[in-house]
Amino acid sequence: MTVIDVDAEIELLRAIRFVDLLADQGLLTSKESRTVLTSLARDSTAVVGALMVGVRLDKTRV
């Protein structure tokens with residue numbers, strides 16, 4: 001992994017944490033949270049992080 005790859009992974013993790021924080025505080029519904037996370041995973045250059053978000057979203061589908 002290059003420095004750019006690591007930076008992308010860190011940035012994605014920060015964005016995910018922010019979305020989780022908003023959801024925990026009740027500022028986002030679960031549907032809004034899933035929508036944002038899906039968009040982050042789709043548009044991210046962080047390969048590993050995007051795969052992890054995809055797995056997380058698959059586990060929460062009903």
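For clarity, every value in this text was computed on a predicted model and none was experimentally measured.
Residues L28 and L57 share a hydrophobic cluster, clusters being chains of Ile/Leu/Val/Met/Phe/Trp/Tyr side chains in contact below 4.5 Å. L22 and V53 fall within the same hydrophobic cluster, defined by Ile, Leu, Val, Met, Phe, Trp and Tyr side-chain heavy atoms under 4.5 Å apart, directly or through other members. Taking hydrophobic clusters as Ile, Leu, Val, Met, Phe, Trp and Tyr residues chained together by side-chain heavy-atom distances below 4.5 Å, V19 does not share a cluster with L21.
Rounding to the nearest 0.5 Å places CG of L40 at 11.0 Å from CZ of F18. A distance of 8.0 Å separates CE in M52 from CD in E9, rounded to the nearest 0.5 Å.
Counting heavy atoms from C-beta on, the side chains of T35 and S39 never come closer than 4.5 Å. Two residues are said to be in side-chain contact when any heavy atoms from C-beta on lie closer than 4.5 Å; R17 and D20 meet this criterion.
S33 places no side-chain N or O within donor-acceptor distance of the main-chain N or O of T29, the cut-off being under 3.5 Å.
Scanning both residues, A50 and A41, for their nearest heavy atoms gives CB-O, 3.5 Å.
For the side chain to side chain contact (heavy atoms under 4.5 Å, CB included) with S44, the qualifying choice from I16, L12, L51 is L12, the only one to do so.
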